[in-house]
Engineer: 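One structure coming up, written as structure tokens, with questions to follow.
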Amino acid sequence: MYRATVFLQRLEPRTGRTTAEVVKFALWPLAIMTVLHRVLVKAVNGFRTDDFAPVYRAALAFLNGEPVYIANFDTVDPHYLYAPSGTLLLSPIAYIEPELSRWLFIGANAAAVIVAGWLLLKMFDLSITSVAAPILLLGMFASETVTNTLVFTNVNGLVLLGEVAFLYLLLRRKDAWAGVAIGLTLAVKPILAPLLLLPLVSRQWRVFVTAVGIPLILTAVAWPLAADPMEFIRHTVPYLAESRDYFNSAIVGNGAYYGLPPALILLLRLLFAVVVAVSLWLLYRYYREDRLFFFTTATGVLMAGSFLLGSLGQMYYSMMLFPLLMSVVLRNSVMRNWPAWLAVYGFMSYDSWLSGRFPAAGRAAEYMKTTLGWSLLLLVICGVLVARYLTAKREGRLADGIDPAYLTPEPEKVAVG
């Protein structure tokens with residue numbers, strides 16, 4: 001009876017409990033139940049498409065010495081597009097029967113997202129007991145990007161972990177290990193390749209030894225083991241260079257879907273390339289010494305820019321923008337404004353805008369929200385940085401950086417006695 005009384009007393013708020021504590025008590029159950037629902041219900045059920053099946057078939061074919069690169073690209077079914085090095089890394093999944101293998105792959109990706117979230121907290125000097133922890137966990141697993149990564153069962157959760165580990169180690173100048181983290185992802189898919197600009201401009205050369213060496217070594221091992229490695233070059237690479245007009249939120253994909261003139265598509269890509277270039281220049285010129293802000297913000301610009309300007313951008317790629325979104329805790333973050341989070345809604349929300357009452361408008365909103373979200377995010381970041389630059393120039397303090405004046409500590413006054 002005594003133990004029951006003590007347990008029940010713990011449910012009663014104590015005098016002086018802080019707002020942060022109350023928020024944590026409210027959000028932890030919501031976050032945990034959302035994780036369980038996404039993993040045990042939505043992911044296990046599956047929906048609409050299956051990214052895991054072609055990977056499993058390719059892994060099985062690789063282990064059995066059969067051709068891997070035989071996809072029919074005339075269909076809209078998921079295709080196997082990974083290089084031989086990626087096939088080698090993923091091949092162990094075929095040692096297990098398909099259903100159990102898929103469940104384990106879902107679990108591995110969910111665990112990778114959780115570990116990535118923990119590393120993000122550490123990166124920003126936040127603890128697992130802070131209010132940021134349940135907010136981050138709930139935000140991640142409620143998003144479209146994590147939900148569909150698990151539901152479709154693809155490798156993006158593991159790629160996110162590689163990205164966050166790369167940034168975490170890069171910030172701590174553990175360069176060789178940072179290269180390992182990103183090198184393993186590059187061996188599977190090159191989505192994080194633009195991030196190699198970060199160690200390049202920060203002159204952390206040792207990153208490239210492992211970042212480039214690991215994919216090369218894995219390719220050298222996989223090439224003689226594969227039945228048809230040259231077909232990856234002849235058959236798959238040309239397809240990867242093309243821009244498709246379905247399930248493609250890049251400018252070129254949506255432009256083709258809506259029948260925009262090629263000249264207009266090119267103009268839009270050039271305009272946003274300028275936006276990306278201006279943002280990166282201002283970040284490098286004025287923030288490269290503020291390494292946490294520089295790396296996380298530049299990561300967001302590089303990733304969103306590659307999704308928007310490349311040949312293929314899919315909504316669940318937005319997972320790679322979590323480091324940028326987490327930077328909102330920094331006082332000088334470019335994410336501390338409502339237009340930035342309107343953009344986040346566009347590429348992170350799991351809401352569907354398809355409407356039975358307004359089919360044309362609903363379809364346009366559904367198909368365009370990701371493209372518009374990435375576009376608005378890049379415009380907001382560039383706008384914030386340019387506004388800071390112009391203000392600092394007008395006030396004659398460019399030599400001290402471009403952070404807003406209220407963020408710049410005032411010089412200490414020297415007492416005159």
Engineer: Would you call the rings of Y389 and Y286 parallel, tilted or perpendicular, where under 30° means parallel and over 60° means perpendicular?
Structural biologist: tilted
Engineer: Before we go on, tell me: are the rings of H37 and F141 under 6.0 Å apart, centre to centre?
Structural biologist: no
Engineer: Does either side chain, that of S318 or that of W374, offer a donor lying less than 3.5 Å from an acceptor on the other one?
Structural biologist: yes
Engineer: Taking CH2 in W177 as the centre, count heavy atoms belonging to other residues, nucleotides or ligands within less than 6.0 Å. Is the count above 12?
Structural biologist: no
Engineer: Can a donor-acceptor pair be found, under 3.5 Å and without considering hydrogens, that links the side chain of R285 to the backbone of G401?
Structural biologist: no
Engineer: Over 60° means perpendicular and under 30° means parallel, so tell me whether Y239 and H79 are parallel, tilted or perpendicular.
Structural biologist: perpendicular
Engineer: Using 0.5 Å steps for rounding, measure from the OG1 atom of T299 to the CZ atom of F322.
Structural biologist: 14.0 Å
Engineer: When rounded to the nearest 0.5 angstrom, what distance separates CD in E144 from CE in M319?
Structural biologist: 9.0 Å
Engineer: Can you name the closest pair of heavy atoms from A211 and I182 and give their distance?
Structural biologist: CB-CG2, 3.7 Å
Engineer: Search all heavy atoms of G310 against all heavy atoms of A250 and return the closest pair with its distance.
Structural biologist: O-CB, 3.5 Å
Engineer: Before accepting this row, confirm whether a basic side-chain N of the pair E231/R234 lies closer than 4.0 Å to the acidic partner's carboxylate O.
Structural biologist: yes
Engineer: Is the cationic atom of R38 (NZ for Lys, CZ for Arg) positioned less than 6.0 Å from the six-membered ring centroid of Y350 and within 45 degrees of its normal?
Structural biologist: yes
Engineer: Identify the two heavy atoms, one from S349 and one from M315, that lie closest to each other, and give their separation to 0.1 Å.
Structural biologist: O-CE, 3.2 Å
Engineer: Tell me if a side-chain donor or acceptor on T185 pairs with a main-chain N or O of V159 at a distance below 3.5 Å.
Structural biologist: no
Engineer: Mind listing the closest non-hydrogen atom pair of K24 and T129 along with its distance?
Structural biologist: NZ-O, 2.6 Å
Engineer: Between N156 and N109, what is the shortest heavy-atom contact and its length?
Structural biologist: N-OD1, 3.9 Å
Engineer: Distance check, rounded to the nearest 0.5 Å: D228 atom CG versus H235 atom NE2?
Structural biologist: 9.5 Å
Engineer: Can you check side chain to side chain contact (heavy atoms under 4.5 Å, CB included) on K369 and F347, steps first, answer last?
Structural biologist: CA-CA 7 Å; K369 66 177 182 177; F347 56 75; over 6 Å; no
Engineer: So S327 and M335, side chain to side chain contact (heavy atoms under 4.5 Å, CB included) or not? Walk me through it.
Structural biologist: CA-CA 7 Å; S327 74; M335 298 299 296; 4.0 Å; yes
Engineer: How long is the gap from OG1 on T297 to CG on L292, to the nearest 0.5 Å?
Structural biologist: 8.0 Å
Engineer: For the side chain of T210 and the backbone of A176, is there at least one donor-acceptor N/O pair under 3.5 Å apart?
Structural biologist: yes
Engineer: Have Y367 and N248 got a donor and an acceptor in their side chains that come within less than 3.5 Å?
Structural biologist: no
Engineer: Would you say the side-chain atoms of D51 and T153 include a donor-acceptor pair closer than 3.5 Å?
Structural biologist: no
Engineer: Nearest 0.5 angstrom please: Y56 OH to I93 CD1, how far?
Structural biologist: 7.5 Å
Engineer: Is it the case that R288 places NZ or CZ above or below the six-membered ring of Y284, under 6.0 angstrom from the centre and within 45 degrees of the axis?
Structural biologist: yes
Engineer: Without swapping roles, check the side chain of R291 against the backbone of L170 for a donor-acceptor pair under 3.5 Å.
Structural biologist: yes
Engineer: Could you tell me whether the side chain of S143 and the main chain of M140 form a donor-acceptor pair under 3.5 Å?
Structural biologist: yes
Engineer: Once you round to the nearest 0.5 Å, how far does OH of Y317 lie from OG of S306?
Structural biologist: 9.5 Å
Engineer: Angle between ring planes, F293 versus Y287, binned at 30° and 60°: parallel, tilted or perpendicular?
Structural biologist: tilted
Engineer: Indicate whether the side chain of S101 and that of Y95 have a donor and an acceptor atom separated by less than 3.5 Å.
Structural biologist: no
Engineer: Looking only at non-hydrogen atoms, find the nearest pair between S91 and A59 and report the distance.
Structural biologist: CA-CB, 3.7 Å
Engineer: Could you give me the CA-CA distance, side-chain angles and deciding distance for M326 and L121, then say whether side chain to side chain contact (heavy atoms under 4.5 Å, CB included) is met?
Structural biologist: CA-CA 8 Å; M326 192 66 190; L121 291 173; 3.7 Å; yes
Engineer: Report yes or no: is the cationic atom of R172 (NZ for Lys, CZ for Arg) closer than 6.0 Å to the six-membered ring centre of Y168, at no more than 45° off its axis?
Structural biologist: yes
Engineer: Please tell me whether N148 and N154 have a donor and an acceptor in their side chains that are separated by less than 3.5 angstrom.
Structural biologist: no
Engineer: I'd like to know if the side chain of E97 and the backbone of L100 have a donor-acceptor N/O pair within less than 3.5 Å.
Structural biologist: yes
